[in-house]
Undergrad: 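After the structure tokens below, expect a handful of questions from me.
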Amino acid sequence: MIPDEELIDAARRGDRDAFARLYEACYPSVYRFAYFHTRTVADAEDAAADAFLSAIENVRRFRGTAVQFTGWLIRITRNTIIDRGRKAKPQLPLEDVPDLVSHDRSGDVVERVTLQAALAKLGDDQRSTVVMRFVLGFSSRETAQVLGKTEGAVEQLQRRGLATLAKELSVRE
């Protein structure tokens, strides 16, 4: 969900209720992004919490549009994850699998676990690109803005990431 300009302006002015509504609107995307990078519910929740704490402290400095707000949060989340040094690749507990994707998507648990394991093989930039493009629905341009890269670089990361995923997933079948 894209938050509206009035809500963002109110949050910039210090309206805590407005920021709470932004949190409710954007948390699912921030959490899913964090989850695909940290691979545990607890770590994803911690990263999302840290990202929103940073966002509430810095929302007055946000100068983008409502469309760019979620991307701004994703960038904060990514930087939070990097800053926390989340380089370990923990195993995915099966009880966490239903949280991977929204409830409106169908799929077998084994397929989701397999996909999660394949995503773990990607580098951070490739994983961020694939998650932003195909899980969160960001455009190439939005992904490039969040990652601080050109659209061409994002498209290359996407191609390489998808090729690695295809290779990983075909080996497992």
Side-chain angles (χ1 to χ4, degrees), residues 1-3 7-8 11-12 14-62 64 66 68-105 107 109 111-138 142-149 154 157 161 164-165 168:
M1 175 182 161
I2 297 174
L7 199 55
I8 292 170
R12 282 184 188 131
D15 183 334
R16 290 188 176 267
D17 290 333
F19 193 86
R21 290 177 37 213
L22 288 171
Y23 172 88
E24 289 174 12
C26 299
Y27 183 83
S29 293
V30 169
Y31 171 81
R32 278 188 282 169
F33 180 85
Y35 186 86
F36 277 99
H37 284 274
T38 63
R39 290 169 296 285
T40 70
V41 169
D43 289 342
E45 289 172 347
D46 288 349
D50 288 351
F52 275 104
L53 180 61
S54 179
I56 200 168
E57 291 170 350
N58 294 293
V59 70
R60 289 179 183 175
R61 289 189 249 161
F62 174 73
Q68 297 168 324
F69 188 78
T70 303
W72 179 70
L73 287 171
I74 295 297
R75 175 173 260 188
I76 292 172
T77 305
R78 184 172 189 267
N79 291 340
T80 297
I81 292 166
I82 290 168
D83 289 346
R84 292 173 63 121
R86 300 234 182 255
K87 299 298 181 195
K89 302 203 187 301
Q91 297 296 316
L92 176 69
L94 284 177
E95 64 270 12
D96 292 348
V97 171
D99 294 330
L100 272 176
V101 293
S102 62
H103 297 291
D104 60 342
R105 296 192 182 157
V109 170
E111 289 174 359
R112 286 187 242 165
V113 171
T114 302
L115 177 59
Q116 186 67 22
L119 281 167
K121 303 276 185 177
L122 300 179
D124 287 338
D125 284 344
Q126 286 180 353
R127 187 172 42 254
S128 291
T129 299
V130 170
V131 170
M132 290 170 64
R133 296 283 290 124
F134 299 104
V135 176
L136 301 179
F138 280 42
E142 292 166 331
T143 302
Q145 289 173 341
V146 170
L147 297 178
K149 299 192 179 297
V154 163
L157 286 165
T164 300
L165 285 176
E168 285 295 319

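A quick note: this is a predicted structure, and the numbers were derived from the prediction, not measured.
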Undergrad: Just jot down the side-chain contact (heavy atoms from CB on, under 4.5 Å) partners of N79, sequence neighbours excluded, or say none.
TA: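 Here the qualifying residues are R75.
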
Undergrad: To check you understand the geometry: which heavy-atom pair defines the closest contact between L73 and C26, and what is its length?
TA: CD1-CB, 3.4 Å

Undergrad: Work out which heavy atom in V135 is nearest to a heavy atom in R32; give both atom names and the distance.
TA: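 Smallest interatomic distance, heavy atoms only, reads O-NH1, 3.8 Å.
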
Undergrad: Could you report the tightest heavy-atom contact between A34 and A47, atom names first, then the distance?
TA: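 Minimum heavy-atom separation between A34 and A47: CB-CB, 4.1 Å.
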
Undergrad: Considering all heavy atoms of both residues, which atom of A66 and which atom of I8 are nearest to each other, and what is their separation?
TA: CA-CD1, 3.4 Å

Undergrad: Of all heavy-atom pairs between A11 and L22, which one has the smallest distance, and what is that distance?
TA: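 In this case the closest contact between A11 and L22 is CB-CD1, 3.6 Å.
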
Undergrad: Is there a side-chain contact between I56 and Y23 (heavy atoms, below 4.5 Å)?
TA: no

Undergrad: How many angstroms lie between CG in L147 and OG1 in T129, if you round to the nearest 0.5 Å?
TA: 5.0 Å

Undergrad: Salt bridge (charged side-chain N to carboxylate O under 4.0 Å, His left out) with R21: which residues, sequence neighbours excluded?
TA: none

Undergrad: Could you grab the distance from atom CD1 of I82 to atom OG1 of T77, nearest 0.5 Å is fine?
TA: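 I82 atom CD1 to T77 atom OG1 measures 11.0 Å (nearest 0.5 Å).
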
Undergrad: Side-chain contact, heavy-atom cut-off 4.5 Å: V130 with R127?
TA: no

Undergrad: With a 4.5 Å heavy-atom cut-off, do I74 and F138 have their side chains touching?
TA: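 Side chain of I74 against side chain of F138, heavy atoms only: contact under 4.5 Å found.
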
Undergrad: In Å, rounded to the nearest 0.5 Å, how long is the span from CG of N58 to CG of L53?
TA: 9.5 Å

Undergrad: Would you compute the distance between atom OG1 of T164 and atom CG of L157 and round it to the nearest 0.5 angstrom?
TA: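 It comes to 10.5 Å.
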
Undergrad: Could you pull out all residues at least two apart from R78 that satisfy salt bridge (charged side-chain N to carboxylate O under 4.0 Å, His left out)?
TA: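 Partners of R78 by the salt bridge (charged side-chain N to carboxylate O under 4.0 Å, His left out) criterion, ordered by chain and then number, come out as D125.
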
Undergrad: Which heavy atom of S29 sits nearest to which heavy atom of T70, and what is that distance?
TA: CB-CG2, 4.2 Å

Undergrad: Starting at CD1 of I76, measure out to CH2 of W72 and round the result to the nearest 0.5 Å.
TA: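 So the CD1 of I76 and the CH2 of W72 are separated by 4.0 Å.
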
Undergrad: Side-chain contact, heavy-atom cut-off 4.5 Å: F69 with V59?
TA: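 Yes - at least one pair of side-chain heavy atoms lies under 4.5 Å apart.
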
Undergrad: Can you check whether F33 reaches S128 side chain to side chain, under 4.5 Å on heavy atoms?
TA: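 Counting from C-beta outward, F33 and S128 do come under 4.5 Å.
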
Undergrad: Between Y27 and Y31, how do the two ring planes meet: parallel, tilted or perpendicular, split at 30° and 60°?
TA: parallel

Undergrad: Using 0.5 Å steps for rounding, measure from the OG1 atom of T143 to the CE atom of M132.
TA: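 The distance works out to 4.0 Å.
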
